[in-house]
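This report concerns only the one structure given below.
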Amino acid sequence: MDVPHSDALLRELTAPQCEAVQHVDGPMLILAGPGSGKTRVVTHRIAYLLAQDIPDWQIAALTFTNKAADEMRLRLDKLAPGQKVWMGTFHRFCAQLLRRYASMVGLQENYSIYDTSDSKQAMKRAIEAAGVSTTHASPDQIANVISKAKNKLITPDVMEGQMLSPKETVAAKVYPVYQRQLLTANAVDFDDLLLHVANLLRHSPELRGELDQRFRYILVDEYQDTNLAQYAIVRALSIDHPNLSVTGDPDQSIYGWRGADLNNILDFEKDYPSVRTVRLEQNYRSTPNVLRVADQLIRHNRRRKQKNLFTDNDEGEPVILRWFENGYEEADSIADEIVAAISSGLARPSDFAIFCRMNSLTRSLEHALRGRGVPYQIVNGVEFYQRKEIKDVLAYLHLVNNPGHDVALTRVINTPTRGIGAKTVQRLQAFADSHNIPMLEAARRAEQIESLAKRSVTMVKKFVAIYDRIAARATAPLEDLMRCVVQESGYDKFLEKNSDEADDSSPLGNVDELISAAVDFDRRHPDDGSLEAFLEQVALVSDTDAFEENDQRVTLMTLHASKGLEFPRVFIVGVEDDLLPHKRSKEDDAQFEEERRLLFVGITRAKQWLQLSCCKRRMIRGDTRPVIASPFLNELPLEEMKRIESTVQRNYFDQEIDQSGGGDWDLPEIQINAEAQGEAQADVSFDFGANQDEDVFSSDDQARESSPAFDSVTAESAPPEAKTKSIPEIGALKTAADLMSGNRPPLTAYREGTTVRHYDYGEGTILAVSGLGPKRMARVQFADGEHNFRLAFAKLEVVG
DNA sequence: CCCCGCGGGTTTTTT
DNA sequence: ACCCGCGGGG
């Protein structure tokens, strides 16, 4: 490791930043406003600690997302190359501790991490076993109550003794059963990762002392979003060596609904009386225009610490507040504007981000962008790893890694169908429950289960044989193991039957992509017990981790996912009552204030330009309903903002009557008629699969290559009238699409051994290609190392 | 045991 | 609009 020089680290830092960076021992609270260079301060401080000869293994930096940890690691590596400071999410930190001390909480080290849907399954089973009725508390509600309890470190026995609401009473009966079943399955849910570690530290003073000693310097990011369990963990690790430094901003606390406790940051100074508090109030990100809007808004919150945000940046453009007739118009207008800005050369797709309160609102935006050939990425909940075929294959792996994983067994025992029905599974489960053994064990003893038909016993035994053949390969490289799973289980035949070769997002293509992920993992982790590590990584990836920077795409995401990011130009849609603030968060002040913070977070992501919009009517669950503007809008400095109201008139059926366009908005009109638009969209979606989860879209040469209809699509999307009426617009559309694709050789031009050139990396050789259609990947060896590309979008020139 | 069609609930945000 | 779970027919 290269130890940096202290002096060099302090150059180019402001006085408060320097103060924070030079703080070494004792607790510190960094109140960091949005865009105040927080990551810079944290990385510099770690480098500073290293410069004081503090060993890297004594430092741990905890973040909320892997993305944030990666970013931090990258930046720290520039200051102190080769350092081995522990960086990662709270959950990963706990997962690793728990691997080591599993036996102390009754687990084995190969324990599984249940994701939300796994634990939902497990919960249903526990409810059944506990024999409670779900008429007054749904499984979801019960799961919620239990999750909240875990976040507050309430164990089943403690819960039993408390005063409880009717729902909580039901949950309290399920809770111990659920926990016992998890232990039998050698599994934990997300909350358990924290809970087990917190309990471990509480009940074992020796271990606590040892770890406190080991992790002498702890840094916590986004401290305003920690819950009680997380609080307890860092507290326990900071008693003998209270060198705990936390960064956060009470105004950006947006995870209260998940157990985050704002008091953790508001009371930090009480918890650690010797604390040094540093305020970072200068903003380096946004224009004064944006900042004033944010500040005016957040002043309306009561539970906060007063901050004085300021910036030296240029005034910039006024923030825009815009009304639309409905969600479609909103989406179309935004998409048009993005196209106009891109085609005029003023901006790149990656300059834009669109935020919304709910994932479902991205639908119409997606549609509008897709129709115009604008590439975009959606950072949303329905991710790759949630897909059925992916979960199926992973479930086999889970079962190999942990034969006690009952959720996985239930999932795969009849996938693909092999004559083991629900009744049989139920009987296996009952047998397993009564003998307190995993279901796989019950399956092995199928002949002992009296209620099972002969035929079922045979089928179950057959499954066990399949499993054993797969499990025999447990220590093989992941790629081999995964191919073995797909073959032995018969899943490959099942996939072929259900997959459409042309459809890129087909199950087959997805499984292929999973296998390439495994190949990639094998390559990066040649030695460590890779199956377990792979499964852990998969379990702990978050939605926000999917966000890719430096990618020439517009970003669509929820306001929650936007935290920690920044974009030159930001649209926030649906700033409407009952949506933001959300209907269900208006019960109490705390929730209402959290909604306000959510908008604050969104606003402060914008660097140069910001538009808030709301609609007069919005389609909700199928039908269109009138909506009113968000009460938060009245809290903004409206007089200095640019307000635009759509003047488009609509008839009863929501059809446009008057085309006079939108107010003082001076965009070129890029509307093409509705019919043509519809057709173009239909055809385009045919090429790429009408899949909402598809994270990339572009009408590039890929489409040309695979679709003979491409030319007619172009013709149809630009009807003759439109062509003669508004040539520049059509030109603009084309330019926008071209920008995304460039002059790209056909995908078949990229093969193993092909020499290619990349703008940044220079010349290189293709080592391997994999995947299908827009997901086709190439691994390329450049002078400075290997890089992976999505061929459909990468700027790779074929040399020679 | 498997497949298909219907009806009801549902979406706020996610490690 | 969409997803999931349930019931009936094959």
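Just so we're on the same page: letters track the sequence lines, and every chain starts at 1. Values in this document were obtained by computation on a predicted structure and should not be read as measured data.
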Self-check item: Nearest to side-chain heavy atoms of Thr417(A), which nucleotide of dC2(B), dT15(B), dT13(B)
Solution: dC2(B)
Quiz item: Counting any heavy atom closer than 4.0 Å, what does Thr558(A) reach on the DNA or RNA strands: base, sugar-phosphate only, or nothing?
Solution: sugar-phosphate
Quiz item: Counting side-chain heavy atoms from C-beta on, which of dT15(B), dA1(C), dT14(B) comes nearest to Phe190(A)?
Solution: dT15(B)
Quiz item: According to the 5.5 Å centroid and 30° plane-angle thresholds, does Phe64(A) stack upon the nucleobase of dT15(B)?
Solution: no
Quiz item: Should Lys124(A) be listed as having a side-chain N or O under 4.0 Å from OP1 or OP2 of dG5(C)?
Solution: yes
Quiz item: Quick one: Glu222(A) CD to dT13(B) P, roughly how many Å, whole number?
Solution: 20 Å
Exercise. In whole angstrom, give the distance that lies between atom CD of Glu128(A) and atom C1' of dG5(C).
Key: 14 Å
Quiz item: Is the backbone of Asp406(A) close enough, under 3.5 Å, to the side chain of Thr410(A) for a donor and an acceptor to pair up by distance?
Solution: yes
Quiz item: Could you give the NZ-to-P distance, from Lys148(A) to dT15(B), as a whole number of Å?
Solution: 17 Å
Quiz item: Reckon Asn414(A) has a side-chain N or O less than 4.0 Å from the OP1 or OP2 of dC2(B)?
Solution: yes
Practice problem: May I ask you to say whether Lys461(A) pairs ionically with Glu447(A), meaning some side-chain N is under 4.0 Å from a carboxylate O? | Solution: yes
Exercise. Round to the nearest Å and state the distance from Leu540(A) atom CG to dT14(B) atom C1'.
Key: 13 Å
Quiz item: Can you tell me if Asn301(A) uses its side chain to pair, donor with acceptor, with the backbone of Arg304(A) under 3.5 Å?
Solution: no
Self-check item: Distance, rounded to the nearest Å, where Met557(A) contributes CE and dT14(B) contributes P
Solution: 11 Å
Quiz item: Any idea which of dT15(B), dT11(B), dC1(B) is nearest the His91(A) side chain?
Solution: dT15(B)
Quiz item: Please give, in whole Å, the distance from dT11(B) P to Ile620(A) CD1?
Solution: 13 Å
Quiz prompt | DNA chain B: 5'-proximal contact among Arg258(A) and Asp140(A) (nearest heavy atom) | solution = Asp140(A)
Quiz item: Considering only side-chain heavy atoms of Met358(A), which listed nucleotide, dC2(B), dA1(C), dT13(B), is closest?
Solution: dT13(B)
Practice problem: Using a strict cut-off of less than 4.0 Å between a Lys/Arg side-chain nitrogen and an Asp/Glu carboxylate oxygen, indicate whether Glu594(A) and Arg597(A) qualify as a salt bridge. | Solution: yes
Exercise. Would you mind reading off the distance between Asn144(A) atom CG and dT10(B) atom P, rounded to a whole angstrom?
Key: 12 Å
Quiz item: Are Asp578(A) and Lys586(A) close enough for a salt bridge, meaning some N to O gap below 4.0 Å?
Solution: yes
Self-check item: 5' priority, DNA chain B, between Thr116(A) and Arg455(A) [closest heavy atom]
Solution: Arg455(A)
Exercise. Name the nucleic acid region contacted by Ile420(A), choosing base, sugar-phosphate or nothing; use a 4.0 angstrom heavy-atom cut-off, strictly under.
Key: sugar-phosphate
Quiz item: Can a side chain N or O of Thr424(A) be found less than 4.0 Å away from OP1 or OP2 on dC1(B)?
Solution: yes
Quiz prompt | Atom C1', compared across dC6(C) and dT11(B): separation rounded to whole Å | solution = 22 Å
Quiz prompt | Nucleotide dC2(B), atom P - distance to NZ of Lys423(A) in whole Å | solution = 13 Å
Self-check item: dT15(B) phosphate, OP1 or OP2, under 4.0 Å from Asn227(A) side-chain N/O
Solution: no
Exercise. In plain terms, say whether Asp189(A) and Lys150(A) are close enough for a salt bridge, that is, a side-chain N and a carboxylate O under 4.0 Å apart.
Key: yes
